[in-house]
Each structure stands twice: as structure tokens, then as C-alpha cells.
J.: 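If you scroll down you'll find the structure; I have some questions about it.
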Amino acid sequence: EPEVTQTPSHQVTQMGQEVILRCVPISNHLYFYWYRQILGQKVEFLVSFYNNEISEKSEIFDDQFSVERPDGSNFTLKIRSTKLEDSAMYFCAGAWNPGADDTGELFFGEGSRLTVL
Amino acid sequence: AQKITQTQPGMFVQEKEAVTLDCTYDTSDPSYGLFWYKQPSSGEMIFLIYQGSYDQQNATEGRYSLNFQKARKSANLVISASQLGDSAMYFCAMREGWEASGSRLTFGEGTQLTVNP
């Protein structure tokens, strides 16, 4: 069964450094998302991506964040200058497979844990 | 106002008994979907069950069923015959808009379920 894969599974970085989190979504999906989950808290929406552009973003997704899907497969989240409060689990997700019996459910990757020191 | 409310931060249940996890939602969109995800301690997000706003029947998936009360805007998850492996965080989530809209999911705060032997 196809799945969403994320790398790295865990990254430790110094405050102020750039971080790139990578995701390979399920190929048939049309919508892609990044969510984050600060330890012990709920899952928060960051950004959605459709047709090679951002379709929606939250107030969390400020100028420090960017996303791209450069080669039609990898979907990346870049944090330009990390802050301590960026420490969280970051989940990539995909949705909507046209022609399938799809509920619009999000298929999540296993997450990338980011620790900012 | 919160779109998804889970009022039970923690729940305990004896093995083999049934448990209900509460979820209420708030939306003015006539088309929406409600989801439950399980997050074990390993951190991944596992889809459990889906209920569409126009579905006439309550959704069921094995030991999981969704008690959908549209007028009350509630979508409680019922787990029958609890197992030790059911111990996890459970998140209720909502998509506003139809299945192919690509709308983000909004998550509740979660309920930590502990199944006692």
C-alpha cells in the first residue's frame, strides 16, 4: 500500500539555522499539507499546496516558512531561521485521489521531529 | 470559537469494555466531513473512521463506530471491546467543504485514552 514518507525522522539544529524537511507524498494525491504538533499539544495546520502553489496558509506560516514541490514528487518545508518555538513534530499529508472512493481523508507521514537548541 | 471541541483530556477504560470519546464541532458549511485519528506514543497519525455530513447512517469500521448527532453537532467515537493496544491519543477533526475541496482538517485538542488490564 502506498504511503507518505518523510525525512529526516529527527533533526536537531541550532537556533537561527535553516532546516529543510522533505516528504514524498502518495503519487495520486492532488493536495498536500504540512501540519505541526508541539509536544503534548494538538495538531496545527500550517499550509496546503495544490497545483504547484499554496492554496491556504495559517497565521503560523509566516515569512520564515516556505514550501515547494520542485520535481513533482518531493514536497519540502523550509524554515529559514529556526527559533526555539519551532521545535515540534512536523507532519506531511496528502489527500484526494480522483476516481477513487475517497473521503478527503488526510494520509499522514510518520512525521519529522525538529529540535531547535 | 473552537471548531472542534474534545472535552475529555484523559479517559480510562478497562480492557474489553466499551468507551466513548466525545467530540463536538461548529460549522455553518452544509457540507463537511468528520474524522477520527489515533496517535500512539510512537507519534504517527492513524486514520480510524470518517462521517460525511450527508451520510444517513452512522459510520462503522470494525470495533470503531461514530455516533453522529447532526442536530447536536456531535461526532463521538465509540470503541467497543477495548484492547491494551488502543491506549493512545485520539483526535477528532473536521473538513469544511466537500470531499474533493482539499480543505484543511481542523483538529481538536485530543483525548488520551488509557486501557487498563
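Computation of the quantities below employed the complete heavy-atom set of this structure, encompassing side-chain atoms and omitting hydrogens, waters and symmetry-equivalent molecules. In the text below, chain A, chain B and the rest are named by the order of the sequence lines, each starting its count at 1.
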J.: Within a 6.0 Å radius of atom CZ on A/R22, are there more than 12 heavy atoms belonging to other residues, nucleotides or ligands?
T.: no
J.: Hydrophobic clusters here meaning ILVMFWY residues chained together by side-chain heavy-atom distances under 4.5 Å, can you tell me if A/V116 and A/L77 are in one?
T.: yes
J.: With a cut-off of 6.0 Å (strictly less than), are more than 12 heavy atoms of other residues, nucleotides or ligands near CG of A/L39?
T.: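 It does not: A/L39 CG has 12 such atoms or fewer within range.
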J.: Could you go through the side chain to side chain contact (heavy atoms under 4.5 Å, CB included) check for B/Y37 and A/E105 one step at a time?
T.: CA-CA 10 Å; B/Y37 283 83; A/E105 122 197 27; 4.0 Å; yes
J.: Select one option (side chain, backbone, both, neither) describing which atoms of B/Q6 are under 4.5 Å from chain A's heavy atoms.
T.: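 Interface part for B/Q6: neither.
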J.: Is there a path of hydrophobic side-chain contacts, each under 4.5 Å between heavy atoms, that joins A/F108 and A/F32?
T.: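 No, A/F108 does not connect to A/F32 through the hydrophobic network.
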J.: Chain A heavy atoms under 4.5 Å from B/R104: which part of the residue, side chain, backbone, both or neither?
T.: both
J.: Who among B/G33, B/G43, B/A100, B/A93 has the most heavy-atom pairs with chain A under 4.5 Å?
T.: B/A100
J.: Can you see which heavy atom on A/K42 is nearest to which on B/F91, and at what distance?
T.: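 In terms of heavy atoms, the two residues are closest at CA-CE2, 4.0 Å.
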J.: Cluster question for you: counting only ILVMFWY and a side-chain heavy-atom cut-off of under 4.5 Å, with indirect links fine, are B/L66 and B/F47 together?
T.: no
J.: In terms of heavy-atom proximity below 4.5 Å to chain B, should A/F45 be classed as side chain, backbone, both, or neither?
T.: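 Only the side chain of A/F45 comes within 4.5 Å of chain B.
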J.: Hey, does the side chain of B/R95 reach the backbone of A/L106 with a donor-acceptor pair shorter than 3.5 angstrom?
T.: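 No.
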J.: What's the spacing between A/W96 CH2 and B/S101 OG if we round to 0.5 Å?
T.: 9.0 Å
J.: Please say which of A/F107, A/F91, A/Y35 ends up in a side-chain contact (heavy atoms from CB on, under 4.5 Å) with B/M45.
T.: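 That would be A/F91.
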J.: For chain A, find its close neighbours in residues 68-79 of chain B: heavy-atom separation under 4.5 Å, sorted by number, or none.
T.: none
J.: Is the CG atom of A/D71 crowded by more than 12 outside heavy atoms at less than 6.0 Å?
T.: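 Yes.
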J.: According to a hydrophobic-cluster definition based on side-chain heavy atoms being under 4.5 Å apart (Ile, Leu, Val, Met, Phe, Trp, Tyr only), do B/F35 and B/I4 belong together?
T.: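 No, B/F35 and B/I4 fall in different hydrophobic clusters.
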J.: Same hydrophobic cluster for B/I49 and B/L34, using side-chain heavy-atom links shorter than 4.5 Å among ILVMFWY?
T.: yes
J.: Please give me the minimum heavy-atom distance between B/S103 and A/Y33, naming the atom from each residue.
T.: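 Looking at all heavy atoms of both residues, the closest pair is O-OH, 3.8 Å.
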J.: Hey, which of A/T103, A/V43, A/V47, A/L30 has the most heavy atom pairs under 4.5 Å with chain B?
T.: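 That would be A/T103.
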J.: Out of A/E56, A/E44, A/M89, which one racks up the most heavy-atom pairs below 4.5 Å with chain B?
T.: A/E56
J.: Mark yes when over 12 heavy atoms from residues, nucleotides or ligands other than A/E85 sit less than 6.0 Å from its CD; otherwise mark no.
T.: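 Atom CD in A/E85 is crowded, with more than 12 foreign heavy atoms closer than 6.0 Å.
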J.: Surrounding CD of A/E110 (heavy atoms of other residues, nucleotides or ligands, distance under 6.0 Å), is the total greater than 12?
T.: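 No, CD of A/E110 has 12 or fewer neighbouring heavy atoms, counting only those of other groups under 6.0 Å.
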